[in-house]
2 protein chains.
Amino acid sequence: MHSDSVLIYFVLMKKNNHACDLKSCFLCSRCLPEWLPAIGANKKNIHFKKGELIFEEGEAVGGIYFLFKGKIKVHKRWGNDKQLILHFAKEGDMIGYRGLGNERVYPVTASAMEEVIVCFIDTPFFEATLQVNHQLTYSLMQFYANELQKAEQRMRNLAHMDVKGRVAETILMLKANFGQNKEGFINIALTKQDMASYAGTTYETFFRMLNELTEDGIVKVSGKSIGVLKVAALEKLIANL
Amino acid sequence: MHSDSVLIYFVLMKKNNHACDLKSCFLCSRCLPEWLPAIGANKKNIHFKKGELIFEEGEAVGGIYFLFKGKIKVHKRWGNDKQLILHFAKEGDMIGYRGLGNERVYPVTASAMEEVIVCFIDTPFFEATLQVNHQLTYSLMQFYANELQKAEQRMRNLAHMDVKGRVAETILMLKANFGQNKEGFINIALTKQDMASYAGTTYETFFRMLNELTEDGIVKVSGKSIGVLKVAALEKLIANL
DNA sequence: CAAAAAACATGATTTAAATCATACTTTTGC
DNA sequence: GCAAAAGTATGATTTAAATCATGTTTTTTG
């Protein structure tokens, strides 16, 4: 073994220890303790720079990812300049699970919104893990059931809710997912284009709606930060009536 | 035991035998053979008339249904006169599986489109079944993964595809799901309002789009029957470019 | 079987939201 | 550190699709 290889080996060790404690993620927390060493031996930590793709729509599925550091957006493209953002993933989230159906091709693109470290498990090992850990399979089934409910709720919103309602919903989702700091601003810095792409509208329309909400004293905006002032008013906008 | 009860008992027996052979449905075909008698003892056959609700959005989840006869539409309401149809279920389909997430409330309404017979399994027994039949749990997980992919695909279509494309998609979905008869018409009679509600548009717009497709010789319409003349032309309309 | 209720068919009108156009400001990469 | 690129900000214009209005035909049901 070259001294180079040894060096690389220790660097990876350090990263692994830093990134994954084999306890907290969706996978490790639901596995039989006896199986954890197998996971430790099979996981790979991978680093991505801002803007890099973790995987792309149409690409063959390699495995499943667990996000340890950074934020990732998961989106579907349309044409060559439109997209619908399905999810903003944060530390602890699972990524790539949409590729586990019959079609072994990713139906979405995942791109790093900042420096990202993921823990990667390839499909053959993940499937073996599911065969052995029944409680994990059951949890994953429940997880999918919940995601399906959310997706169909959003389908209906895209079909019938007006843009202002979807903007309100986007803001409330961000608040619920990322929390807010002491100044009352949501803890995530997104471009307005990305927020618009989540709401299923254009940048311009999103901007105008945000202006209206600001004028009505429902939200406050400062650069990339958005703060909710009147939750009830936002909830009223998304009310199904 | 009253003679009335005896009568009812035999009627139910007969119905059961007619409706369910404990072999072909999603549930029975994936269970351990040893478990089938338990299913036989716990399933209930229920009859619905046209227009009756199998369950309704917001109602507490009772269990899961397997459709043996008839057709059911699964939809989400908006306001009090709009809806988005998520699925047209036919013989063999599973219904009510959306209620299996954390929220134990149906997120959708299921209504009988004609005379319907379903086989009902209550949640406690279904969960026991999942705990015992790991392969079934795994299959169900895969099933959900596929449904999620389809839902997110449609989400993107509702956000970015034009109505004509969604009409084309609706027609191709119906053809793929229900097949066509010798005359080349799709084997399902739906109101245009229902087709429009699936495509996420209004009756009037759906009607106009269908007219355009007819004028261009892409489809043929005769009463409630629609026939596809040029598949490629429909596929081109839904092409993502 | 007749009356009421759905569903069908189409033209005219309105409207929400996308697109286009243009200028300024902040990031980012070489 | 500066040029290019990405993001922000807004007004003006267009357009796709919803809504409204009205008459007809088909289905359901008491």
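Throughout, a chain's letter reflects where its sequence line sits, starting with A, and its residues are numbered from 1. Atom set for the values below is all heavy atoms of this structure, side chains included, hydrogens, waters and symmetry mates excluded. Computed from a predicted structure; not experimentally measured.
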Between A:F207 and B:R166, just flag the one whose closest nucleotide in DNA chain D comes earlier from the 5' side. A:F207
Spacing between B:Y203 atom OH and D:dT26 atom P, to the nearest angstrom: 13 Å
Nucleotide D:dA6, atom P - distance to NZ of A:K192 in whole Å: 18 Å
Salt bridge or not for A:K76 and B:E152, using N-O below 4.0 Å? no
For A:A110 against A:I95, the heavy-atom pair lying closest together: CB-CG2, 4.1 Å
Within the 4.0 Å heavy-atom criterion, would you say B:K164 contacts the bases, only the backbone, or no part of the nucleic acid? nothing
Note, A:I171 side chain near A:L210 side chain (heavy atom, < 4.5 Å): yes
Expressed in angstrom and rounded to an integer, what is the separation of B:M113 atom CE from D:dT27 atom P? 15 Å
Between B:H160 and A:Q83: side-chain donor-acceptor atoms closer than 3.5 Å: no
Under 3.5 Å, is there a donor on one side chain and an acceptor on the other for B:T202 and B:T205? yes
Chain B reaches DNA chain C, atoms under 4.0 Å from its heavy atoms, from C:dA7 to C:dA12
Five pairs at each end of the helix from C:dC1-D:dG30 to C:dC30-D:dG1: take the axis at both ends and give me the angle between them to 10°. 60°
Comparing nearest nucleotides in DNA chain C, the 5'-proximal residue of the pair B:E204, A:T201 is B:E204
First encountered from the 5' end of DNA chain D, between B:G200 and A:G223: A:G223
Ion pair present between B:R166 and B:E169, side-chain N to carboxylate O less than 4.0 angstrom? no
Of all heavy-atom pairs linking A:T170 and A:Y198, the shortest is OG1-CD2, 3.5 Å
Please report the closest heavy-atom contact between A:M113 and A:I72, naming both atoms and the distance. SD-C, 3.8 Å
Kindly indicate whether the side chain of A:E115, heavy atoms from C-beta on, has any atom under 4.5 Å from the side chain of A:K49. yes
Here the distance between atom C1' of D:dT10 and atom CZ of A:R208, to the nearest Å, is 7 Å
Separation of D:dT10 C1' from A:F206 CZ (nearest whole Å): 16 Å
